[in-house]
Amino acid sequence: MTSKRANWLFLTIILVHFGVVAFLIFWGSLLPDSIVLNFLLSQGILVVPTIIFLLIFERRERPAAPQMPMRGMPTAPGAMQMPMGGMPTVPGAMQAPMAERGRKPRRFEASGFHKVKISTLLMIALCTFLISPLVTVLNVLTMFFADNAVAALEGDIISTPFPVMLFMIGIFGPFCEEFVFRGVIYGSYRRNGQYNNNICYQKSRRNGISAVLLSAFLFGLMHMNFNQALYAFAIGIFLALLVEAAGSLWASVFCHMFFNSCQVVLMYVSESVLDSIYGQAVNEAAEQLSTQDLLAALSVYLVIAAVATPIAGCVIVWIAKNEGRQEAFRELFRRSGRTAVQKMPQPNARMLNVPMPPQSQPVQWSQPAPPRQMPEMPQPPRSAQWNQPIPPQPVPPAQWNQPMPQQPVQWNMSEPPRTDYLLSVPLIIAVVLCLGYMSLELFLV
């Protein structure tokens, strides 16, 4: 999809979320009070609009195979005639291989699920451990002005069987979120470019850092609370970098699954061990943590994060080298300025495979004497009988040595190419709605 349609998708997700919240407020008593149902609703809010958008727009944005006119068939007046030997192309257009032009587009092809090496998965697990101190630091920072959203649900999570929560939080949730935010939204931002009639003329966006930051920002807003939004933004940056380094969405999916699964396991293990040894004393002490205790814990984790986070960046670079994507990963950080629409030059006879003499040299005839008339030149049809030959027109002798003028060719395009930018009105509306909802919830609670 284009970036504008990805922004419309995010706005649709936010509006569906508000609709579900309103339904639960007024008619929530009709549904059973279950945390599993709440998780299913939260993931359905993300996945269902995304699948609908892909089913509608993904097929439209694939370049169609060129339609070549057949001999003997009339064409519309004013349409460009393209010889079979060479077809003019727009400069900078993305040319699909001949094997790719005729095949049918696969569903959800834009999501980017590709194979990765086993060694890459092991290094992703190491990277997940290395970014955990940074996540802890950001979580503690937000606890100074907001409640811990995960800790508020800990009682309901522990009361649910462990396999169910491990599947919902550790497997199903990460897969849905990565499919939506790294697969579709970030993929649409990354493939930003020029479009004409839903055909992309520039495959990748040169400055991909803006796509990384914007997709991570939307991933943080999706959680609808300031506590999770801050560290989800940091995690979203690392997940997008993993996708670029490994060249597959499975990298971010595995990292997200591994991180959430570890959190679920630690939650259940700590609850069972601490309750059996110390009883309720630990829980009461945890509820009475003062600001000084939080600052002490923050200072310790801050030192650990300052050492572990750069190492995690080095691991991501190693993953790009292991997958053979060093150049593609470096291209992510190269700036090239704002993408502008380039003017398409008029096609000349060389683009149509018609031999043209250089303009600096006049046409030289090999005959000793100039011919009485020029050779037969194709002329535009002047009657309804398109397939009838038109007799050649005599040319005055004074124009024999003159260079052949280039006739402009009319392009059969309904609209000029347009540039697809990341920011748009739907995205701004969605961000304002999210920030307003989060602020209202913060002040009311």
- Measure across Ser252 and Glu178 and return the closest heavy-atom pair with its distance rounded to 0.1 Å. OG-OE1, 2.9 Å
- Query: How close do Ser188 and Ala6 get, heavy atom to heavy atom, and via which atoms?
  - Reply: CB-CB, 3.8 Å
For [X], does the [atom1] atom sit with more than 12 other heavy atoms under 6.0 Å from it, leaving out its own atoms?
{"X": "Leu122", "atom1": "CG", "value": "yes"}
{"X": "Phe129", "atom1": "CZ", "value": "no"}
{"X": "Phe259", "atom1": "CZ", "value": "yes"}
{"X": "Lys117", "atom1": "NZ", "value": "yes"}

- Query: Hey, what's the ring geometry for Phe219 with His256, parallel, tilted or perpendicular (30° and 60° as the breaks)?
  - Reply: perpendicular
- Parallel, tilted or perpendicular: rings of Phe179 and Phe175 (30°, 60°): parallel
- Leu15 side chain reached by Leu433 side chain, heavy atoms, under 4.5 Å: yes
- Phe238 and Thr309, any side-chain heavy atoms less than 4.5 Å apart: yes
- Between CD of Glu177 and CE of Met257, what distance do you get to the nearest 0.5 Å? 10.5 Å
- Ring center gap for Phe172 and Phe39 short of 6.0 angstrom: no
- Task: Check the pair Leu46, Phe181 against side-chain contact (heavy atoms from CB on, under 4.5 Å), reporting the backbone distance first and the verdict last.
- Result: CA-CA 9 Å; Leu46 299 176; Phe181 285 94; 4.0 Å; yes
